[in-house]
Amino acid sequence: MVSSSSQKILVTGGAGFIGTHTVVQLLKGGFSVSIIDNFDNSVMEAVDRVREVVGPHLSQNLEFTQGDLRNRDDLEKLFSKTTFDAVIHFAGLKAVAESVAKPRRYFDFNLVGTINLYEVMAKYNCKKMVFSSSATVYGQPEKIPCEEDFKLQAMNPYGRTKLFLEEIARDIQKAEPEWRIVLLRYFNPVGAHESGKLGEDPKGIPNNLMPYIQQVAVGRLPELNVYGYDYPTRDGSAIRDYIHVMDLADGHIAALRKLFTMENIGCTAYNLGTGRGTSVFEMVAAFEKASGKNIPIKLCPKRPGDATEVYASTEKAEKELGWKAKYGVEEMCRDQWNWAKNNPWGYAGKP
Ligand SMILES: NC(=O)c1ccc[n+]([C@@H]2O[C@H](COP(=O)([O-])OP(=O)(O)OC[C@H]3O[C@@H](n4cnc5c(N)ncnc54)[C@H](O)[C@@H]3O)[C@@H](O)[C@H]2O)c1
Ligand SMILES: O=c1ccn([C@@H]2O[C@H](COP(=O)(O)OP(=O)(O)O[C@H]3O[C@H](CO)[C@@H](O)[C@H](O)[C@H]3O)[C@@H](O)[C@H]2O)c(=O)[nH]1
């Protein structure tokens, strides 16, 4: 076992959707965790809920700092007082449409924030990193399932930041071989912690399918717009590889263990997906079944830039990280509904 509370992990963006779930699994796995987050897309209540979920004993191994990666001093302050064994880097922006409208904001948060992080990590000789990449780097994949060595392509400014950050990681590791970097390409993270205390809480109208369905189910939105119903798929709607956020969280623990044990890992990318594709209509039906709610739909034109069918090849992660997703669509919808019905207005409650 490599995990012990003597191993200290910095989690950037740890108050966010994937961050909170991963921090729970890190604490349960015996790691000490320090979160830095600027609450651009999250709230303090999410960190308090993490403490609630893990209990008072493990909460002693969790520290929180409000800070911004774009401000190098915020990172300096953290690194100068604590020695980190590795960093899991979630902090960033992720909304495709917003990135098209505000590309500079995306370059600032995602690129400048990450470059600052590398600089400070290098200065304090912390050279192990798990980075949140995305299936978006496959663009419109020519073949499915997506394999890690496929040609990469950006479709929008958000995707470009992920692609650039992957290239930056590869360049840094090539020039300074002591770095160990794992790039995790997430497919479509959904679901919530089984306790119903943690989940996704997007600000404003959700961009993504599952948070949107959730808000229809609790009556915050009247109906779901289904973007595209004449795709060449089994039911005409687009297909994605949805992955339970707890499986994703465990994928980070597997990646971290790999970083600590494999000296020559270099800079390596892994898909985190289930390897199974589910259509929009199938997802709606599964959520209706789990929640007992009717989800009214409106058939709409395709969303520009959306791919027809995307799912992961899971072989590399299974073989090299020893990680495989455990949950299916039924559990994803069950846990997402449990979160939704207990927190219909998210962490903050009804405005
Ligand atoms: N959720 C998805 O569908 C998905 C898919 C692929 C990749 N990713 C990537 O995974 C990572 C985490 O995603 P998430 O869904 O948890 O998003 P999220 O918005 O819930 O979490 C990101 C967190 O980072 C914080 N943050 C943003 N900029 C920061 C900065 N400059 N300094 C400090 N904190 C900052 C936000 O306040 C937020 O708490 C992101 O990098 C995202 O691009 C997400
Ligand atoms: O209100 C909605 C929202 C989505 N969809 C459809 O549902 C599918 C899934 O959409 P979404 O949840 O937005 O996921 P993706 O478009 O696959 O993109 C997500 O997943 C990618 C891979 O991880 C990330 O790169 C992106 O940032 C993230 O938004 C797509 O076919 C959409 O057209 C709808 O029909 N109605």
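Whatever order the structure lists ligands and atoms in, that order sets their numbers, starting from 1. Treat the numbers as computed from the prediction; the structure is a model and nothing was measured.
- Residue-level proximity to ligand 2 for Tyr158 is carried by the side chain, the only part with a heavy atom below 4.0 angstrom.
- Distances between N or O atoms of Asn38 and those of ligand 1 include at least one value under 3.5 Å.
- Here Ala135 has no heavy atoms under 4.0 Å from ligand 1, in either its backbone or its side chain.
- Of the heavy atoms in Tyr242, only side-chain atoms (C-beta onward) come closer than 4.0 Å to ligand 2.
- Taking the centre and axis of the six-membered ring of Tyr270, the NZ or CZ atom of Lys316 falls inside the cone set by 45° and 6.0 Å.
- Apart from Val226 itself, the hydrophobic cluster it occupies contains Val190, Ile205, Leu209, Met210, Tyr212, Ile213, Val216, Val218, Leu221, Leu224, Tyr229, Tyr242, Val280, Phe281, Met283, Val284, Phe287, Ile295, Ile297, Leu299, Val329, Met332, Trp337, where clustering links Ile, Leu, Val, Met, Phe, Trp and Tyr at side-chain heavy-atom distances under 4.5 Å.
- Residue-level proximity to ligand 2 for Asn208 is carried by backbone and side chain together, each with a heavy atom below 4.0 angstrom.
- Residue Asp40 has at least one nitrogen or oxygen atom sitting less than 3.5 Å from a nitrogen or oxygen atom of ligand 1, judged on distance alone.
- Checked by atom type and distance alone, the side chain of Asn188 never pairs as donor or acceptor with a backbone atom of Arg240 at under 3.5 Å.
- The protein atom (non-hydrogen) at minimum distance from atom 1 (N) of ligand 1 is Lys94 NZ, 3.6 Å.
- No heavy atom of Tyr231 sits closer than 4.0 Å to any atom of ligand 2.
- Of all the heavy atoms of Tyr158, the ones lying under 4.0 Å from any atom of ligand 1 belong exclusively to the side chain.
- Across Leu209, Val96, Asp241, Val137, heavy-atom proximity to atom 12 (O) of ligand 2 is greatest for Leu209.
- Of the polar atoms of Ala91, none of the N or O atoms is found under 3.5 Å from an N or O of ligand 1, judged by distance alone.
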